[in-house]
Undergrad: 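Can you read through this structure? Questions will come right after.
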Amino acid sequence: MTHTLAGTPAADGFRMPAEFEPHAGSWMLWPERPDNWREAARPAQLAFLQVAAAIAQFEPVTVGVSTAHYTAARALLPERVRVVEMAHDDSWMRDVGPTCVVNGRGAVRGVDWRFNAWGGLAGGLYFPWDQDDLVARKVLDIERLERYRAPLVNEGGAIHVDGQGTALVTEECLLNANRNPHLERSEVERQLRDYLGVSHIIWLGKGVFNDETDGHIDNLACFVRPGEVCLTWTDRRRDPQHAISLDAWERLHEARDARGRRLKVRRLPMPGPLTLHAREATGLVAREGTRARAAGERLAASYVNFYIANGGIVMPLLDARTDRAAAQRLKRLFPARRVVGVPGREILLGGGNIHCITQQVPSGTRTRSPSAT
């Protein structure tokens, strides 16, 4: 069983590495909920399968699957993808999985955030979420990594770091009353510094328009490398996203990172706007306690929701009109990595995209829990 640590990562000399630093592998969960994934999740499962196969070209992939779906998932997924039996409420590994931290000696540990399904009973997306709240602990058990249980309600998609002391977050998410209503901004910052090992936090305002996670940063902006940020952008002034992205652009230009650098901001054109089709909405099974989806509602589509793998970028293909331009921009931003596009609409229909369904474990010599050595 994983050893639970009493201190904090920062106090113990650990920091969250950037996603562009080397990985030991990636974790995912298998989509199953018929109230969130249309047609009993079969189209979504095929999309997740393609994401897993794409990432597996670059690094090891593990997929957690419930008992009921284990046999089918094992038959569908490539042999080189590890499949483990794992209960969960839904398949957003970025948010329910561990945020890993490393130290200067190459040791790896994991942060287990408190999870309340993006808002608990005040705007959360489903109930119950108790199995999701156990996922990070289970992953750390399997990886034999020591665990910090953070006091903060937070999700992996709400944070991005440059690996050199800077975190990027949004006010819409981390200051939302449905996450940590008892905490002021300064206290949220203190806990982020303690558990991410960062010294400086850059606050953006809102996330992508109509993002049901309450504005996760990983749909809006991310670090490409230290001192350089990729931001979702539209030139359409009447689009509600324009004002959001413009505000983010201005804040990023005014900001300095932990090392005092000005940031270079790279715009990534957004797809769409995309909306939920009637035939897609009718494939969902309504369930009490789960957020309903209606035909015509705006989807929070963004190419920033890509995954950085060892030597690769796995990006969502969302709109034939803009996919190629987005891929070309990402190739320029990551010249040393191979850009692979995977159809992302089915994942988007469930409320997120490729970054949201993945969680990396950084490379390192690994800190094994005493009972696991």
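We number each residue from 1, following the sequence as shown. None of the values given here were measured: they were computed from a predicted structure.
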Undergrad: Going only through I, L, V, M, F, W and Y residues with side-chain contacts under 4.5 Å, is there a path from Val111 to Val161?
TA: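 Yes, it is one cluster - the side chains of Val111 and Val161 are joined through contacts under 4.5 Å.
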Undergrad: Distance from Gln50 atom CD to Ile55 atom CD1, nearest 0.5 Å?
TA: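 Between Gln50 CD and Ile55 CD1, I get 12.0 Å after rounding to 0.5 Å.
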Undergrad: Does Phe14 have its ring centroid less than 6.0 Å away from the ring centroid of Tyr195?
TA: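 Not under 6.0 Å, so no.
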Undergrad: Suppose we call two aromatic rings close when their centres sit under 6.0 Å apart. Are Phe127 and Trp129 close by that rule?
TA: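 When the ring centroids of Phe127 and Trp129 are compared, they turn out to be within the sub-6.0 Å range.
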Undergrad: List the steps and the verdict of ring-ring contact (aromatic ring centres under 6.0 Å, His included) for Tyr148 and Trp113.
TA: CA-CA 8 Å; Tyr148 297 96; Trp113 306 105; over 10 Å; no
Undergrad: What pairs with Arg236 under salt bridge (Lys or Arg N to Asp or Glu O under 4.0 Å), at least two apart in sequence or on another chain?
TA: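 Testing Arg236 for salt bridge (Lys or Arg N to Asp or Glu O under 4.0 Å), a comparison that skips the adjacent residues, returns Asp239.
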Undergrad: Using 4.0 Å as the upper bound for N to carboxylate O, is an ion pair formed by Arg193 and Glu189?
TA: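 So Glu189 pairs with Arg193 through a salt bridge.
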Undergrad: Does atom CZ (Arg324) have a neighbourhood of more than 12 heavy atoms from anything else shown, all under 6.0 Å?
TA: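 Counting other residues, nucleotides and ligands, CZ of Arg324 stays at 12 neighbours or fewer.
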Undergrad: Just checking His216 against His160, ring centres under 6.0 Å apart?
TA: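 Centroid separation for His216 and His160: 6.0 Å or greater.
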Undergrad: Quick test of your reading of the model: are Arg225 and Glu228 salt-bridged, counting only N-O distances below 4.0 Å?
TA: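 Result for this pair is yes, salt bridge flagged.
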Undergrad: Would you check if the distance from the ring center of Phe209 to the ring center of His242 is below 6.0 Å?
TA: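 No, too far apart.
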Undergrad: Taking the six-membered ring of Tyr126 as reference, does the cationic atom of Arg33 (NZ for Lys, CZ for Arg) lie under 6.0 Å from its centre and within 45° of its axis?
TA: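 Yes, a cation-pi geometry holds between Arg33 and Tyr126.
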Undergrad: Check Glu143 with Arg137, please: is the shortest side-chain N to carboxylate O separation under 4.0 Å?
TA: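 No.
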Undergrad: Could you measure the distance from the CG atom of Leu318 to the CG atom of Asn353? Nearest 0.5 Å is fine.
TA: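 Rounded to the nearest 0.5 Å, the CG-CG separation comes out at 5.0 Å.
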Undergrad: In terms of side-chain geometry, is the basic nitrogen of Arg259 or Asp257 positioned less than 4.0 Å from the acidic oxygen of its partner?
TA: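 Asp257 and Arg259: not salt-bridged.
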Undergrad: Taking the side chain as every heavy atom from C-beta outward, state whether Leu29 and Trp92 have any atom pair closer than 4.5 Å.
TA: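 Leu29 vs Trp92: side chains apart.
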Undergrad: Would Arg185 pass as a cation-pi partner of Trp203, given that its NZ or CZ must be under 6.0 Å from the six-membered ring centre and within 45 degrees of the axis?
TA: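 Yes; both conditions hold, so Arg185 lies above the ring face of Trp203.
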Undergrad: Any ion pair linking Glu155 and Arg94 (charged N to carboxylate O, less than 4.0 Å)?
TA: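 Salt bridge absent between Arg94 and Glu155.
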Undergrad: Output, in order, the C-alpha distance, side-chain angles, deciding distance and verdict of side chain to side chain contact (heavy atoms under 4.5 Å, CB included) for His182 and Glu187.
TA: CA-CA 9 Å; His182 55 294; Glu187 183 63 16; over 6 Å; no
Undergrad: Would you say the side chain of Val51 lies within less than 4.5 Å of the side chain of Ile357, judging by non-hydrogen atoms?
TA: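 Answer yes - side chains close enough.
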Undergrad: Is a side-chain donor or acceptor of Asn36 paired with a backbone partner of Gly350 at a separation under 3.5 angstrom?
TA: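 Yes; at least one donor-acceptor contact below 3.5 Å.
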Undergrad: Is the backbone N or O of Phe20 less than 3.5 Å from a side-chain atom of Arg337, with the two atoms forming a donor-acceptor pair by type?
TA: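 Yes, Arg337 side chain to Phe20 backbone: donor-acceptor pair under 3.5 Å.
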Undergrad: Please determine whether a side-chain nitrogen of the Lys or Arg among Arg298 and Asp211 lies less than 4.0 Å from a carboxylate oxygen of the Asp or Glu.
TA: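 Not counted as a salt bridge, because no side-chain N and carboxylate O are separated by less than 4.0 Å.
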Undergrad: Check this for me, if you would: do Glu184 and Arg190 make a salt bridge, where the nitrogen-to-carboxylate-oxygen distance has to be below 4.0 angstrom?
TA: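 A salt bridge is absent here (no side-chain N lies under 4.0 Å from a carboxylate O).
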Undergrad: What is the distance from atom SG of Cys173 to atom CD1 of Ile217, rounded to the nearest 0.5 Å?
TA: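 CD1 of Ile217 is found 9.5 Å from SG of Cys173.
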Undergrad: Using 4.0 Å as the upper bound for N to carboxylate O, is an ion pair formed by Arg109 and Asp12?
TA: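 Yes, Asp12 and Arg109 are salt-bridged.
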Undergrad: If I take atom CG from residue Asp90 and atom CD from residue Gln131, how far apart are they, to the nearest 0.5 angstrom?
TA: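 These two atoms lie 13.0 Å from each other.
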Undergrad: How long is the span from the CG atom in Asp323 to the CG atom in Leu317, to the nearest 0.5 Å?
TA: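 Asp323 CG to Leu317 CG: 4.5 Å, rounded to 0.5 Å.
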Undergrad: With rounding to the nearest 0.5 angstrom, report the OH to CG distance, Tyr303 to Leu330.
TA: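 Going from the OH atom of Tyr303 to the CG atom of Leu330 covers 10.0 Å.
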Undergrad: So that I can tick it off, tell me whether Lys206 and Glu171 are bridged by a salt bridge, with the cut-off set at under 4.0 angstrom between side-chain N and carboxylate O.
TA: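 Answer for the salt bridge query: no.
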Undergrad: Just wondering, do Ile202 and His200 contact through their side chains at under 4.5 Å, heavy atoms?
TA: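 Heavy-atom side-chain distance check passes, below 4.5 Å.
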